[in-house]
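Proteins come first, then strands; the chains are lettered A, B, ... in the order of their sequence lines, and each starts at number 1.
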Amino acid sequence: MPEGIEVEYYRRGAEASIDRSITSLMADDLYYLKGQTSPSLLQKALIGKELIRARRIGKLLLLDVDGGDILGLRFGMTGRIIVDGSAPIEYLEYSSERNNPAWDRFIINFNDGGSMRVRDPRRLGGVELNPNLSRLGFDLYTITMQELSQVLSSSSRPVKSRLMDQSEVAGLGNLLTDEILWRASVDPRRPADSLDEKETYILYEHFKKTISELTSLGGSHMGILQDHRTRGGLCPRHGIPLERYKVGGRTTYSCPEHQKG
DNA sequence: CTCGACTCCTGTTAGC
DNA sequence: TGCTAACAGGAGTCGA
C-alpha cells in the first residue's frame with residue numbers, strides 16, 4: 001500500500017502536472033471528497049489555474065495551486081496517481097493488478113489534453129482542499145535522531161504504535177514499520193520509552209537506511225521482510241517461523257529469535 | 001494519556 | 001466447483 005515512499009514517487013510523478021492550465025475536473029464521488037471539500041469549491045479553486053508545486057508530508061501529497069489554495073491527496077491503501085496515462089508506481093501491495101478506469105475517483109484535465117487522476121479501487125483515499133497540516137509529525141525522510149528520540153521517550157505505548165502514529169512520525173505504514181523493527185532487532189511490542197540511547201540510535205540508523213534503500217529499490221514492498229510477512233512465513237535471517245499478532249489493531253510480524261524483549 | 005472496538009471501503013483469498 | 005466469510009490496512013471516531 002502507499003506509504004511515505006510510494007507517495008514520494010507519486011509526488012515526483014505529479015511534477016509532470018506543474019504549470020499546465022486546468023480546464024475541467026471530475027469529482028463525482030462525493031465520498032472521496034473530505035472535510036468541507038465539494039465539487040463547487042474544487043471548481044472555484046482549480047479551473048483556469050495551474051499547479052505550481054508538488055510537495056509531500058508523510059503520506060499526504062500537497063499540490064499548491066496558483067490561486068493560493070492547496071490540493072491535498074491521500075491514497076489510503078490502494079490509491080495511485082496517474083499522470084497522462086502513466087503511473088509512477090505500477091505494482092501496489094494489496095491492490096488489484098487490474099487497471100480499471102472505473103476506479104478513477106478524481107480527475108484533473110489540462111488544456112493540452114492530458115490529465116492527472118487518482119485511481120483507487122477501495123476508496124480509502126481522499127481529496128481535501130486546504131487540509132489541516134498541524135497534526136502531522138516529523139516526515140520520514142527528514143526526521144533527525146533527536147526527533148526520533150523525543151517521539152520514543154515521551155510515551156510508553158508500544159514502539160510500533162508510536163512509529164505509526166502520523167502525528168508523531170508522518171509516512172510510516174504497517175509494512176515499513178515491521179521492516180524497520182525487524183532490521184533493528186526491536187520487539188514491536190516494547191514500550192517506546194524503554195529503548196535506551198544506544199538502542200534508539202541503532203533503530204534510527206536502520207530507519208534511515210531502510211527508507212533510502214527502499215526508495216532506490218522502488219517501494220515499500222521491496223523490503224527483506226515483505227515476502228515473508230504471511231501466515232507461516234519464516235524469518236529471512238533465522239529461518240524460523242515469524243510470530244504473528246496485533247499491535248494497535250495492526251497485523252504484526254516479528255522474529256521471536258532476534259526481536260525478543 | 002492510552003487502549004480496544006468500531007467505522008468506512010472493496011478486491012482477494014481462505015475455507016467450508 | 002462455488003459460495004461466503006474473513007482479511008487486508010489508512011484514518012477517523014468513540015467510550016472506557
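- Proximity of A:Trp103 to the phosphate of B:dT10: no side-chain N or O atom is located under 4.0 Å from OP1 or OP2.
- Going from atom CZ of A:Arg122 over to atom P of B:dT12 covers 8 Å, rounded to whole Å.
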Listed pairs under 3.5 Å, donor-acceptor, residues 42-53 of chain A side chains, sequence neighbours left out:
from: A:Arg53; atom 1: NE; to: A:Asp64; atom 2: OD2; distance (Å): 3.3

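- To the nearest angstrom, C1' of B:dC9 lies 16 Å from CG of A:Asn100.
- For A:Asp29 and B:dC8, the CG to P distance is 16 Å, given to the nearest whole Å.
- Residues A:Phe207 and A:Leu152 are members of one and the same hydrophobic cluster, defined by side-chain heavy-atom contacts under 4.5 angstrom among Ile, Leu, Val, Met, Phe, Trp and Tyr.
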Anything under 3.5 Å between a protein N or O and an N or O of nucleotides 1-5 of chain B, put it in a table, one pair a line.
from: B:dT2; atom 1: OP1; to: A:Ser155; atom 2: OG; distance (Å): 3.2
from: B:dC3; atom 1: OP2; to: A:Arg157; atom 2: NE; distance (Å): 2.4

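- With respect to the salt-bridge test (charged N to carboxylate O, under 4.0 angstrom), the residues A:Lys208 and A:Glu213 do not qualify.
- Taking the six-membered ring where the residue is Trp, A:His238 and A:His258 present tilted rings, their angle falling between 30° and 60°.
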After noting the C-alpha distance and the side-chain angles of A:Tyr32 and A:Phe106, does the key distance pass the ring-ring contact (aromatic ring centres under 6.0 Å, His included) rule?
CA-CA 8 Å; A:Tyr32 215 70; A:Phe106 179 69; 8.0 Å; no
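- One finds a side-chain N or O of A:Arg244 lying less than 4.0 angstrom from the OP1 or OP2 phosphate oxygen of C:dA8.
- Proximity of A:Arg74 to the phosphate of C:dA11: a side-chain N or O atom is located under 4.0 Å from OP1 or OP2.
- Residues A:Arg157 and A:Ser155 have side chains that never bring a donor and an acceptor to within less than 3.5 angstrom of each other.
- A:Lys34 has its NZ atom 10 Å from the C1' atom of C:dG12, to the nearest Å.
- Linking ILVMFWY side-chain heavy atoms closer than 4.5 Å, directly or via other members, places A:Leu214 and A:Phe75 in a single hydrophobic cluster.
- Across the protein-nucleic acid pair, A:Asp165 atom CG and C:dA11 atom C1' stand 11 Å apart, rounded to whole Å.
- Over its full length, the helix from B:dT2-C:dA16 to B:dC16-C:dG2 turns its helical axis through 50°, comparing axes from the five pairs at each end and rounding to 10°.
- Taking atom CZ of A:Arg119 as the reference point, atom C1' of B:dG11 lies 15 Å away to the nearest angstrom.
- Side-chain contact, A:Ser149 with A:Tyr201: no donor N or O sits under 3.5 Å from an acceptor N or O.
- Applying the 4.0 Å criterion to OP1 and OP2 of C:dA8, one finds that A:Lys246 has a side-chain N or O inside that range.
- For the pair A:Leu33 CG and B:dC9 P, the interatomic distance rounds to 14 Å; values are reported in whole Å.
- Between A:Tyr253 and A:Arg229, the side chains place no donor N or O within less than 3.5 Å of an acceptor N or O (distance only, hydrogens not considered).
- Nearest to the side chain of A:Arg123, among C:dA8, B:dC9, C:dG10, sits B:dC9.
- Of the two residues near DNA chain C, A:Arg135 and A:Glu3, the one whose nearest nucleotide lies more 5' is A:Glu3.
- Between the side chains of A:Ser154 and A:Arg162, a donor-acceptor pair is found at a separation under 3.5 Å.
- Between the P atom of B:dG11 and the CE atom of A:Met77 lies a distance of 12 Å, rounded to the nearest Å.
- At a threshold of 4.0 angstrom between heavy atoms, the contacts of A:Arg231 are confined to the sugar-phosphate backbone, with no base atom among them.
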